[in-house]
Amino acid sequence: MRTRTARHGSVAAALFLALCAPTAVAAPVPRTPDTADTGAADAESAGAALVARRAALAAASRGGGAAGLDFRACPAVEDLPSRVRCATLRVPLDYARPDGPQISLTVSRAAATGAGGAARQGALVQNPGGPGASGMYFPLVADVPGWERIAAAYDLVGYAPRGVGRSAPLSCTDPAARPKGPVQEPVHPSPAYKAERLAQARAYANGCAHRTGAALPYYTTLNNARDLHVLRAALGEEKLTFMGASYGTYLAAVYATLYPGHVRRMVLDSAVDPDPRRVWYRNNLDQARGFEGRWHDFRAWVARHHGTYGLGTTPAAVQAAYERVRDAVARTPADGAVGTGELRAAFLQAAYYDDVWPDRAAALAAFLLGDPSLLAAQAAPDPAAAAEAENATAVYTAVLCNDAPWPADWSTWDRDNSELARTAPFETWANAFLNLPCASWPVRGRQSPVAVGAQPERLPRTLVVAAERDGATPYPGALELQRRLGAGASLVTETGAGSHGVVGGRNNCVDRHVERYLLTGATPGWRVTCAPHPEPAPVSLDDRAAGARRALLPPVV
């Protein structure tokens with residue numbers, strides 16, 4: 001539920017900095033009648049159906065299949081190889097006004113290779129999550145070992161959802177005006193610090209309204225699902241074959257609820273809990289608990305490799321080593337750029353992906369031996385990524401705040417997060433402050449969460465994939481998603497593992513189930529398990545470049 005990736009998976013550290021305070025304060029943005037209102041919902045549904053019909057007719061007039069969009073050489077700004085082609089898809093800003101203001105979404109595609117005489121099965125569309133992440137790089141998995149048979153049968157289609165990248169980009173503050181850091185976060189925030197962050201959150205929310213104007217209410221999961229419905233039709237597909245990760249699983253679940261008759265196959269990797277009672281405030285409380293568990297897993301791994309890193313033989317000893325580094329950068333930022341905020345953000349990556357464990361452990365060890373350069377290289381914000389990071393954060397904030405009601409009173413946030421921080425201190429307050437703009441979000445009439453699973457007809461077979469110790473999307477969410485998708489949903493669990501994003505290179509057992517499902521439609525059973533992928537090997541401080549890692553899908557977020 002949190003934006004975590006930039007292009008090719010390098011995570012922009014600026015995403016984790018304190019919310020900055022725009023100078024302009026905007027009045028609340030009026031919304032057309034609340035989406036939960038029957039009249040408005042009917043108008044939006046009818047508008048989406050009309051736009052999808054037009055897109056399907058346009059696809060048919062071009063010859064059907066992938067010809068429904070005008071794919072050409074990608075603009076240089078997309079940084080994609082020539083074999084990947086790009087197009088734009090026009091959709092309404094407001095589906096209740098299908099002929100009103102339009103926005104353009106960017107789309108990328110690598111055509112099915114047909115290798116080995118494989119018959120083309122249509123388009124496989126992917127969303128990597130966020131909300132706020134771009135899927136424009138998805139076609140590059142055609143070159144990843146293990147994806148050959150899928151790439152032979154499917155056009156691999158990525159896209160940037162509304163607000164992301166060049167798709168009607170959303171912004172809440174001038175990236176150049178963001179605090180340059182280093183950021184210093186207190187371990188135990190005082191009432192004065194909390195008041196400061198509350199003021200910053202209000203200013204950030206007003207900045208979103210000021211910079212986006214009347215368009216702000218239309219960045220929602222419901223509209224993302226409608227956009228996906230139109231994209232499916234524009235690709236010439238009667239039914240959608242889709243791969244969603246993290247937030248992308250929630251988008252898929254909403255799509256399946258709205259358009260069950262247009263679902264062909266869906267792979268839902270690292271599932272968000274779609275229970276309307278948890279979207280999104282309680283989901284984020286659950287996430288902080290999950291991160292605490294994964295933070296423990298990282299420390300336990302480092303302790304098992306004390307001989308390499310010298311950071312302690314128990315998780316508690318590794319925690320003490322981390323706290324020594326935290327205290328040091330609180331006094332003197334590493335290389336003048338890494339304070340406690342940047343440190344926490346860098347080590348949050350260890351709660352997402354165990355691939356980074358050797359690098360993070362090596363950085364801690366080197367710092368305590370007097371060399372801060374490795375930590376600075378891993379944790380210092382990249383100025384070149386500031387605009388991309390600001391855009392991703394803006395989309396994340398707008399979608400989550402628009403999607404559901406949030407507590408408006410600070411006392412609720414303070415009570416819940418103070419209690420949670422007693423047992424899950426690693427990320428609780430940073431998570432709360434990231435989402436705090438939703439408490440004063442300047443959009444009137446926010447929608448109610450979609451009742452996922454309330455579709456009137458049975459869905460075809462779907463495949464949910466989850467890691468048992470995932471912190472970003474805790475495992476109970478996968479169980480809830482499977483329950484709501486119905487009897488045709490199969491759940492593949494990677495036991496004892498916790499890297500966020502299971503599909504695409506870490507676990508051969510999981511990937512075999514996914515490939516079989518995408519190629520044949522067959523699922524492995526109601527609930528099946530795969531053994532965990534191997535833990536990363538420790539990397540010596542003298543051999544930090546040893547061993548190239550396996551090529552994975554761009555990280556889910």
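Keep in mind that the numbers below use all heavy atoms, side chains included, and drop hydrogens, waters and symmetry copies.
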- Establish, from distance only, whether the side-chain atoms of N224 and T221 form a donor-acceptor pair under 3.5 Å. no
- Message: I'd like to know whether C172 forms a side chain to side chain contact (heavy atoms under 4.5 Å, CB included) with E390, so could you lay out the CA-CA distance, the side-chain angles of the two residues, the decisive distance to 0.1 Å, and finally the verdict.
- Response: CA-CA 8 Å; C172 290; E390 190 280 325; 3.9 Å; yes
- Query: Do Y475 and T493 meet the criterion of a side-chain donor-acceptor pair at a distance under 3.5 Å?
  - Reply: yes
- Is there side-chain contact between R516 and D511, with at least one heavy-atom pair below 4.5 Å? no
- Nearest heavy atoms of L170 and A394, plus distance in Å: CD2-O, 3.6 Å
- Please determine if E292 and R289 form a salt bridge, counting it only when a charged side-chain N lies under 4.0 Å from a carboxylate O. no
- Item | Partner of T241 by side chain to side chain donor-acceptor pair (under 3.5 Å), out of R264, Q121, R232, Q126 | R264
- Task: Please report the closest heavy-atom contact between A52 and A233, naming both atoms and the distance.
- Result: O-CB, 3.3 Å
- Query: Please walk me through it: do T220 and D403 pass side chain to side chain donor-acceptor pair (under 3.5 Å)?
  - Reply: CA-CA 6 Å; T220 66; D403 265 5; 4.9 Å; no
- Just checking, any donor-acceptor pair under 3.5 angstrom between side chains of D273 and N283? no
- Item | Side-chain touch T88/L105, heavy atoms, less than 4.5 angstrom | no
- Query: Going by the angle between their ring planes, with limits at 30° and 60°, are Y247 and W280 parallel, tilted or perpendicular?
  - Reply: tilted
- Message: For V267 and Y517: C-alpha separation, side-chain torsions, deciding distance, then whether side chain to side chain contact (heavy atoms under 4.5 Å, CB included) applies.
- Response: CA-CA 9 Å; V267 177; Y517 169 68; 3.7 Å; yes
- Any side-chain heavy atom of V279 within less than 4.5 Å of one from Y250? yes
- Would you call the rings of W357 and W301 parallel, tilted or perpendicular, where under 30° means parallel and over 60° means perpendicular? tilted
- Message: Strictly distance-based, threshold 3.5 Å: is any side-chain N or O of Y154 a donor or acceptor partner for the main-chain N or O of L518?
- Response: yes
- Rounded to the nearest 0.5 angstrom, the CG-CG distance for L231 and L69 is 6.5 Å
- SG of C74 to CE of M136, rounded to nearest 0.5 Å, is 5.5 Å
- Item | Flag, side chain of T257 to backbone of G453, donor-acceptor distance under 3.5 Å | yes
- Query: How far does CG of L420 sit from CD of Q287, to the nearest 0.5 angstrom?
  - Reply: 11.0 Å
- Taking atom types as modelled, find out whether H533 and N508 have a side-chain donor-acceptor pair closer than 3.5 angstrom. no
- Could you tell me which non-hydrogen atom of P358 sits nearest to which non-hydrogen atom of A537, and how far apart they are? CG-O, 3.4 Å
- Nearest heavy-atom approach of G496 to E468 is N-OE1, 2.8 Å
- Query: Short question: side chain of S246, backbone of G129 - any donor-acceptor pair under 3.5 Å?
  - Reply: no
- Item | Smallest separation among heavy atoms of A467 and A497, with atom names | CB-O, 3.5 Å
- Under a 4.0 Å N-O cut-off, is there an ion pair linking D275 with R484? yes
- Task: May I ask you to test the V164-Y159 pair for a side-chain heavy-atom distance under 4.5 Å?
- Result: no
- Would a 4.5 Å heavy-atom cut-off, applied to side chains only, mark H262 and E237 as touching? no
- Item | side chain to side chain contact (heavy atoms under 4.5 Å, CB included) between D297 and R469, intermediate numbers included | CA-CA 9 Å; D297 291 350; R469 292 190 60 77; 2.7 Å; yes
- Item | Exercise: do R360 and Q378 side chains pair donor with acceptor under 3.5 Å | yes
- Parallel, tilted or perpendicular: which fits the ring planes of F426 and W295, with parallel below 30° and perpendicular above 60°? parallel
- Query: So do S104 and L89 actually touch side chain to side chain, heavy atoms under 4.5 Å?
  - Reply: no
- Task: Take the angle between the ring planes of Y259 and Y255 and call it parallel below 30°, perpendicular above 60°, tilted in between.
- Result: tilted
- Message: Tell me whether D70 is salt-bridged to R72, with the criterion being a basic N under 4.0 Å from an acidic carboxylate O.
- Response: yes
- Query: Does N391 use its side chain to pair, donor to acceptor, with the backbone of G163 at less than 3.5 Å?
  - Reply: yes
- E342 and P381, any side-chain heavy atoms less than 4.5 Å apart: yes
- Query: Does R278 reach the side chain of D286, with side-chain heavy atoms less than 4.5 Å apart?
  - Reply: yes
- Task: Output, in order, the C-alpha distance, side-chain angles, deciding distance and verdict of side chain to side chain donor-acceptor pair (under 3.5 Å) for T428 and N431.
- Result: CA-CA 5 Å; T428 290; N431 216 7; over 6 Å; no
- What pair of heavy atoms forms the shortest contact from A234 to A59, and how long is it? O-CB, 3.7 Å
- Stepwise, does the side chain to side chain contact (heavy atoms under 4.5 Å, CB included) test hold for Y353 with H500? CA-CA 6 Å; Y353 313 115; H500 189 53; 4.1 Å; yes
- Mark yes or no for whether T529, through its side chain, and T495, through its backbone, hold a donor-acceptor pair below 3.5 Å. no
- Measure up the Y309 and H305 rings against each other and bin them: parallel (under 30°), tilted (30 to 60°), perpendicular (over 60°). perpendicular
- Message: Salt bridge or not between E494 and R506? Use side-chain N to carboxylate O under 4.0 Å.
- Response: no
